Undergrad: 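Sharing a structure here in structure tokens format.
So you know, we letter chains A, B, ... as the sequences are listed, proteins then strands, and number each from 1. What you see is a predicted model; the values in this text were computed from it and never measured.
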2 protein chains.
Amino acid sequence: MSLLVTGSIGIDTVETPLGSAADVLGGSCVYFSQAASFFSPVRLVGVVGDDCPTDFLKPLHDNLQIDMAGLEVRQGSKTFRWHGRYHEDINKRDTIDVQLNVLIEEGPKIPGQFRDSQYVFLANNPPGLQADFLEKLDSPKLVVADTMNLYIDNDREALLALLGRIDGLVLNDSEAQQLSGESNLVKAGLEIVQMVKSFVVIKKGEHGCMLFGDGKICVLPAYPAREVKDPTGAGDCFAGGMMGYLASADAVDFTSLSKSLGYATVVASFAIEDFSLNRLKEISSDDINARLEKFRTMSRF
Amino acid sequence: MSLLVTGSIGIDTVETPLGSAADVLGGSCVYFSQAASFFSPVRLVGVVGDDCPTDFLKPLHDNLQIDMAGLEVRQGSKTFRWHGRYHEDINKRDTIDVQLNVLIEEGPKIPGQFRDSQYVFLANNPPGLQADFLEKLDSPKLVVADTMNLYIDNDREALLALLGRIDGLVLNDSEAQQLSGESNLVKAGLEIVQMVKSFVVIKKGEHGCMLFGDGKICVLPAYPAREVKDPTGAGDCFAGGMMGYLASADAVDFTSLSKSLGYATVVASFAIEDFSLNRLKEISSDDINARLEKFRTMSRF
């Protein structure tokens, strides 16, 4: 089924204990699209400025599963830039520099032929903008959003209004605690699931994830990663794997959601093995399926 | 098969956000024994002072699965006491008061009829004392130990000597990082497994656990606990469930170890629902098996 993603496209500079990468392709809808493309065609909606080098988006254009009709190159605007530095403890990072640029202008347009999209992921954006995107769609079957601490703190009312209109929310552990006011993540999940129409996924990075919905809970460990070269985009790849699987299976029941988290975990585990899309560009669906089987064996008890 | 545990018996005072309990039964070999007793008979070796109230150990004496022949009531000594206070975030706690008392005297004796024990758990103690216990045993099939930050820091040489003589080590995430010098827990586990004869289990509290051994890794989430009344002793109950299952199955292969972690997780998840042994005294093997099935369903993907 048709899968659409709205989110950021960025020029990233990343420093980690295992190396660095300057001016590389990043952004939420970039990571999401590449991850989801292993499972399903993806419709990308995003915007860059006219400073974006011509061949910068080549990996996306080269990917036959990604429909780039929703890419806007805005004249007179500048592309989003982010520069981050990870600590020796790779779970911690500092933002060295961030230039939102085109991201704080008007959002990109959703092309007419994308309006019938059935599976929709609204990557992290101001909740008002996420709601605007939603307005432009006909009648999607499954709408899932991501959010961040900034909007939970400063734009709570708009965020709660958005949550009431979407099926699922994907957010990380500290965001879930912040949104719910609960330090216990199980309680947090049970609170947040009341705010959305159907389910919530709490991502815990190296500690796995939890799914709440349909009166049920599903808990997964993370795939045990030995070498994390660059965790940037792991959450977006996770969401891409999840939504890509659901769109390909055309299913939104709890069992399918649980299954999608296995794929999500595995795709993210590949992504963090190198900078930008480097690792995801090297692998195939077979690699994902093989690691999923290994992961299932590893978590059998 | 015969299962022996050496460890502390304590008079605990515990304050948590959900209540408090003063002068209640605690200590590593107490929690361990009660947890293991669901699976296997247990031989307890521990010491209290003559200040220990007569009926204080009644729950242990009443448990027909626990052989108390290794309990020493030492005249002129005082029982170990601990007073802790948990934060609103239940993963954090402060020690308000600790009186080691009899624990820093000579260790208790292992009765002659316990020397043939096949499965042995050396709960947290100075590594030299753990090694002394080991000396007193004939030829155990599986020896597993716990340790703590204090000995990793201050008694490293004795600890490393002990590790080389035991089959398995069970420790928590921060201790694993401290012992290995690795912040990545997968790397930490792979380092530590080289220090012991067979395997290491890293406990991550609400985030589950990881097993390393036999060139393999097993990862489990935690059972999603909604209400944590008192986490004291959770790690010892985890070890008790694990060793109890292994002793009952008389198996030490990787698959059995993985399976034991499911039982370990579930027994610990019951223990934290109330103070001291209160919750464990209420439940049966059927409750454990029922929750294990539920847990397996919850972690299917």
Undergrad: Between Leu261(B) and Phe301(A), does a side chain to side chain contact (heavy atoms under 4.5 Å, CB included) hold up when you go through it step by step?
TA: CA-CA 7 Å; Leu261(B) 298 184; Phe301(A) 60 88; 5.6 Å; no

Undergrad: Pick from Cys209(B), Pro224(B), Gly262(B): which one has the most heavy-atom pairs with chain A under 4.5 Å?
TA: Pro224(B)

Undergrad: Which bit of Leu211(A) is near chain B, if near means a heavy-atom gap under 4.5 Å: side chain, backbone, both or neither?
TA: neither

Undergrad: Show me the donor-acceptor pairs under 3.5 Å between chain B and chain A.
TA:
from: Asn184(B); atom 1: ND2; to: Ala225(A); atom 2: O; distance (Å): 3.2
from: Asn184(B); atom 1: ND2; to: Arg226(A); atom 2: O; distance (Å): 3.2
from: Lys187(B); atom 1: NZ; to: Glu227(A); atom 2: OE1; distance (Å): 3.0
from: Lys204(B); atom 1: NZ; to: His207(A); atom 2: ND1; distance (Å): 3.0
from: His207(B); atom 1: ND1; to: Lys204(A); atom 2: NZ; distance (Å): 3.0
from: Val219(B); atom 1: N; to: Met298(A); atom 2: O; distance (Å): 2.9
from: Ala225(B); atom 1: O; to: Asn184(A); atom 2: ND2; distance (Å): 3.2
from: Arg226(B); atom 1: O; to: Asn184(A); atom 2: ND2; distance (Å): 3.2
from: Glu227(B); atom 1: OE1; to: Lys187(A); atom 2: NZ; distance (Å): 3.0
from: Arg296(B); atom 1: NE; to: Phe301(A); atom 2: O; distance (Å): 2.8
from: Arg296(B); atom 1: NH2; to: Phe301(A); atom 2: O; distance (Å): 3.2
from: Met298(B); atom 1: O; to: Val219(A); atom 2: N; distance (Å): 2.9
from: Phe301(B); atom 1: O; to: Arg296(A); atom 2: NE; distance (Å): 2.8
from: Phe301(B); atom 1: O; to: Arg296(A); atom 2: NH2; distance (Å): 3.2

Undergrad: Return the set of residues passing ring-ring contact (aromatic ring centres under 6.0 Å, His included) with Phe238(B) (not counting sequence neighbours), or none when no residue passes.
TA: none

